[in-house]
Amino acid sequence: MNHTPSGTTANSRTDFIRERVRADLAAGRFDGRVQTRFPPEPNGYLHIGHAKAICLNFAIAAEFDGICKLRFDDTNPETEEATFVEVIQDDIRWLGFEPAEVVFASDYFDQLADWAIDLIEAGLAYVDDQDAEAMSLNRGSFTQPGTDSPWRNRSVEENIDLFARMRDGEFAEGSRALRARIDMGHENMQMRDPVLYRIRHAHHYRTGDSWHVYPTYDWAHGQSDAIEGVTHSLCSLEFDSHRRLYDWCLEHLDLPGDKPEQTEFARLNLTHTMTSKRVLRTLVDGGLVDGWDDPRMPTLRGLKRRGYPPEAIRAFCSHIGVARVNGTHEIELLESFVRTHHNRHALRRMAVLKPLEVVIENWPEGQVVELDAINNPEDDSAGTRKVPFTGRLFIERDDFMIDPPKKFFRLAPGREVRLRAGFYITCIDHVTDETGEVVQLRCTYDPETRGGQAPDGRKVKATLHWVAAEHAVDADVILYGRLFTDSHPGADGTDPLDAVNPDSRQVLTGCKLEPMLADTPGGVVVQFERLGYFAHDLDDPGLWHRTVGLRDEWANIRKRRVKG
RNA sequence: UGGCCGGUAGUUCAAGUGGUUAGAACGUCGGACUUUGACUCCGGAUGUUGCAGGUUCGAGUCCUGCCCGGCCAGCCA
């Protein structure tokens, strides 16, 4: 398996964006500079989809010796909050990126308004007294050209005066708007005199009450890019039709230096996942998850609590690359990167999730042996640890069957297996309760097999994980399944919320952990041997989250058997 | 219905200006190894490159037509 993208340097890695950057550089554009930006609106939490954009923008800048700034696109006072400014910065740093600078579109409000006046003076913008409904009606349709507003030919003086009074808060919200004067018959709807400023008597989290007009995205974005010296403005596919307007705005302003260049790419979609803010908010508000940082959420905070390492997210984003086609990546691919990272870094520990008691009949009464166990076979420097072994242990319920089918080579009556880092044991009897369920195993051990090897060279087919009963630490462990049962929730036109998996989490109580795990700090991810990677909860020391399971051949065998 | 952008294994991406049997990853199947049924290693399978024509010695790459998908008619971004 090769998770390293084929080439990570600017010269070898190729996609249409990097090719364009290289071409621009070769043509001497932008004085050889490369500058990108990540422009979130501070109105919600970042999710895995944003991670792709973040990685792309920062990676391009880094590969071409450029810089990438974080810009808050805070032009809509009604939806934005200061708290998100903090949260978003934290998440970006957690992902592993440090913006060259943190800037705000709202810092450019004065400049943007000045430019709007320039446009008015050039006869390229006007104040329209139509309301939103009338404007919409007059915009025409895909096949019908729009009709000019009755206010389209006001004098420059009147427009200047009206716009000034809009800024002063003289007019009601929605009663007027400043529009670009382009072409109401344009084949591109974005060019049919788009709104540049709308009246909002709203409190802005940064500029307070000093503004009564706010620029639209189209008026703010390109100019913000230009002000900052952005060279390559990367955005998602749906802005494709806005590119002509982006260029139009910049072409009609007196800008120093080269105009930034907008390039669109496909946003990230994942199977069994939704990245729509509306859907995620509904999940949170409806109590279907525990909040924005629920480990089932595709938010960066959710993934963090779940135990997804930022390195894996970055490797994933780099691997999937960029395209101009909207597609949906399999979540298994992301999980594979998570496993690859943890396999190399996570310490191995033993934990029994569904305990079954084992009594070693020939174990010396009261004896405790401290065994040496390897911390990480992938990393010798991780060393070893001591694990206590006694005559009463817990093993996994699933590791024993009274009547084992073919290909089940764990413990069964009369069978011998190895306990990891411990001894060979043989099951000589089992105790069942009145319902027939196995409640205890009686076994013997071979003292000669300490450490896990038999001097006579005999082999066992299985190695089981275990925990000494008296030394075990109790904990709750949460197993997570897909948040949505459907691989493409809502794709068939149904409500994605209908596809929410009612069994997306399974809380296991009374799990038995090896004693060392009690001292693990929150947030740390370890491998519970033979089970998967598990993240210690950030706040609750008695709680673990399954990040992702190990690949499980036995599960595949069972699945195949069920199927047929 | 108009415009724009797309269509390459199950999935996501590769295939310098047209040039041998269209590659890789994940998934899947088989094998080796193994004190994790993990990891690692080896190997197999899956493609009418959306369809139909055309240009050419030669087309996934160029041309034409058609089909399918996405986006666009917020004073959201």
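Throughout, protein chains are lettered first and strands after them, A, B, ... in sequence-line order, and every chain is numbered starting at 1.
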Test side-chain hydrogen bond (donor to acceptor under 3.5 Å, both in side chains) applied to A:Gln262 and A:Tyr246, step by step: CA-CA 8 Å; A:Gln262 173 181 310; A:Tyr246 179 101; 5.6 Å; no
Chi angles and distances behind the ring-ring contact (aromatic ring centres under 6.0 Å, His included) call for A:Phe84, A:Tyr45: CA-CA 7 Å; A:Phe84 288 120; A:Tyr45 291 84; 5.4 Å; yes
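Note: A:Tyr217 and A:Phe239 meet the aromatic proximity criterion, with ring centroids under 6.0 Å apart. A:Phe109 and A:Trp211 have their aromatic ring centers within a separation under 6.0 angstrom.
With sequence neighbours excluded, the residues satisfying salt bridge (charged side-chain N to carboxylate O under 4.0 Å, His left out) with A:Arg200 are A:Glu78. By the side chain to side chain donor-acceptor pair (under 3.5 Å) test, A:Ser141 pairs with A:Thr143, sequence neighbours left out. A search for salt bridge (charged side-chain N to carboxylate O under 4.0 Å, His left out) contacts involving A:Glu332 returns A:Arg482, not counting sequence neighbours.
Within 3.5 Å, no donor on the side chain of A:Gln144 pairs with an acceptor on the base of B:G2, nor the reverse. Residue A:Glu332 places no side-chain atom within donor-acceptor reach of the base of B:U11, judged by atom type and a 3.5 Å distance cut-off alone. Put simply, the side chain of A:His465 and the base of B:A38 share no donor and acceptor less than 3.5 Å apart.
For A:Asp240, taking side-chain heavy atoms from C-beta onward, the closest of the listed nucleotides B:C4, B:G6, B:C75 is B:C4. Proximity note for A:Asn556 (side chain, C-beta onward) versus B:G37, B:U28, B:U36: the nearest is B:U28.
Non-hydrogen atoms lying under 4.0 Å from RNA chain B are contributed by A:Gln190, A:Val195, A:Arg198, A:Arg200, all within residues 190-206 of chain A.
Regarding contacts with the backbone of B:C72, every side-chain N or O of A:Arg139 stays at 4.0 angstrom or more from both OP1 and OP2.
Within the structure, ring pair (Phe, Tyr, Trp, His ring centres under 6.0 Å) contacts touching residues 449-468 of chain A (residues at least two apart or in different chains) are A:Phe389-A:Trp466.
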Secondary structure string for RNA chain B (Watson-Crick or G-U under 3.5 angstrom, | for other-strand pairs): .((((((..((((.....[...)))).(((((.......))))).....(((((..]....))))))))))).....
